[in-house]
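Residue numbers begin at 1 in each chain, while the letters A, B, ... track the order of the sequences.
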Number of protein chains: 2
Amino acid sequence: MTQRDDSVGIIQQELTAFARRARATAARMHPELSLVSYTLLAHLEDQKGCRATDLAAHYLLDKSTVSRQISALEKLGFVERRVDPDDHRVQVLHPTELGAQVLASAGAQRRQAFTDRLADWDDADLERFASYLLRYNEAQQRLG
Amino acid sequence: MTQRDDSVGIIQQELTAFARRARATAARMHPELSLVSYTLLAHLEDQKGCRATDLAAHYLLDKSTVSRQISALEKLGFVERRVDPDDHRVQVLHPTELGAQVLASAGAQRRQAFTDRLADWDDADLERFASYLLRYNEAQQRLG
DNA sequence: TCCTGCTGGTTGCATAGTACAACCTTAGTT
DNA sequence: AACTAAGGTTGTACTATGCAACCAGCAGGA
């Protein structure tokens with residue numbers, strides 16, 4: 001067992017531990033907006049509106065899952081649907097004013113939690129950690 | 001928005017993206033053993049047996065959740081219960097021979113996937129990434 | 001024009017994972 | 001003996017998810 005293998009083992013173990021906790025932690029932080037809802041809503045804001053199909057493709061979710069998530073967000077008044085005049089099959093989804101507010105609030109809370117956890121890191125370490133995560137996720141997407 | 005804030009933002013985003021994918025990815029890799037089951041079974045092996053309560057405490061799960069997970073693992077023949085002779089309330093849980101085999105196989109598959117994703121990293125980066133994850137998770141546990 | 005096939009979305013069904021509360025059994029204390 | 005605490009199980013409910021069946025609108029070709 002080389003030192004390299006040790007590192008891989010630790011990375012596996014720690015990422016797994018993180019994944020196991022993530023949903024529950026997010027739910028505790030802002031019960032109003034689950035991890036998934038938060039992500040979808042954030043994407044809508046980022047993209048200035050998109051279709052349910054785009055969300056499904058981007059997050060590797062089934063379209064039925066997205067459909068239900070969006071219904072829930074709509075029921076909460078966080079999302080509105082605008083039928084595309086050029087293609088009546090399509091609904092372009094947008095955050096509502098309220099949705100944007102809730103998103104901003106949840107985002108601030110999330111960001112604060114991360115900032116706290118990373119408070120005693122120096123800038124160089126933070127930047128390197130960020131670049132490692134980007135690199136890792138890029139590889140994961142590439143390799144499935 | 002400082003460069004530091006950017007780094008925090010990226011870390012948040014990438015860890016979130018990872019968490020969103022983790023369960024589904026794990027499920028695709030070895031349908032026999034979900035992420036949670038895998039983790040519980042691995043803990044049993046690590047600890048050379050422990051109680052359901054210990055698992056619940058360690059993974060911040062409700063004891064009912066653990067109870068059901070263990071029932072499922074037992075039904076699959078991966079776990080056996082041994083009543084503690086000193087305290088008949090207690091069941092000490094152990095992986096069975098079969099459970100250990102499945103665990104080893106799933107573990108090898110998981111490890112291989114990580115090894116592939118990290119194939120083109122040099123040793124120093126791997127070691128640093130591993131240490132960052134340890135540090136991050138330690139802080140998360142400390143801060144809740 | 002009409003049939004066929006494709007695309008975007010919804011709905012019915014099934015499953016996993018989870019929590020909470022009520023409960024049972026066994027230990028330990030007073 | 002009576003009470004309390006600890007380890008587990010079970011009933012109930014809810015969220016997230018996928019698959020399959022379906023509907024509706026669009027686009028192309030015979």
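- You'll find the side chain of B:T65 stays beyond 4.5 Å of the side chain of B:Y59, heavy atoms only.
- Under the 4.5 Å side-chain heavy-atom criterion for ILVMFWY residues, no single connected hydrophobic cluster contains both B:V8 and A:L103.
- Distances shorter than 4.0 Å separate some side-chain N or O of B:R23 from OP1 or OP2 on C:dT18.
- Within the 4.0 angstrom heavy-atom criterion, base atoms lie near B:T65.
- A cation-pi arrangement is present between A:R117 and A:F114 under the rule of less than 6.0 angstrom and at most 45 degrees off the ring axis.
- Counting any heavy atom pair closer than 4.0 Å across all strands shown, A:L93 reaches no nucleic acid atom.
- A:L60 comes within contact range of the sugar-phosphate backbone alone, with a heavy-atom separation under 4.0 Å but no base atom that close.
- For the pair A:T53 and C:dG9, the criterion of a side-chain N or O lying under 4.0 Å from OP1 or OP2 is met.
- As rounded to whole Å, 14 Å separates atom C1' of D:dA16 from atom CG of A:L33.
- Side-chain nitrogen and oxygen atoms of B:Q69 include at least one within less than 4.0 Å of the OP1 or OP2 phosphate oxygen of C:dG17.
- Residue B:S71 is out of contact with every strand shown, counting any heavy-atom pair closer than 4.0 Å.
- Between the P atom of C:dA16 and the CD atom of B:E32 lies a distance of 12 Å, rounded to the nearest Å.
- Each of A:H88 and B:R68 lies near DNA chain D, and the nucleotide nearest B:R68 is the one positioned closer to the 5' end.
- In the model, B:S67 has no side-chain atom that pairs as donor or acceptor with a side-chain atom of B:S64 under 3.5 Å.
- Residue contacts shown for A:D87 are limited to sugar-phosphate atoms, with no base heavy atom under 4.0 Å away.
- Atom-to-atom, CG of A:L61 to C1' of C:dT10 comes out at 16 Å; the value is rounded to the nearest Å.
- Atom CZ of A:R21 is separated from atom C1' of C:dT18 by 17 Å (rounded to the nearest Å).
- Between the CD atom of B:E74 and the C1' atom of D:dG8 there is a distance of 13 Å, rounded to whole Å.
- Tracing side-chain contacts under 4.5 Å through hydrophobic residues (I, L, V, M, F, W, Y), one never reaches A:L73 starting from A:V92; they form parts of separate clusters.
- An OP1 or OP2 oxygen of C:dG8 is reached within less than 4.0 angstrom by a side-chain nitrogen or oxygen of A:R51.
- Here D:dG7 presents its P atom at 12 Å from CD of B:Q91, a figure rounded to the nearest Å.
- Along DNA chain C, the nucleotide nearest to A:S67 and the one nearest to B:R89 differ in position, and the one closer to the 5' end is contacted by A:S67.
- Distance B:K75 NZ to D:dT9 C1': 13 Å, rounded to the nearest Å.
- If you check every strand for non-hydrogen atoms under 4.0 Å, A:R81 touches sugar and phosphate atoms only.
- In this structure, CZ of B:R28 is placed 13 Å from P of D:dT17, rounded to the nearest angstrom.
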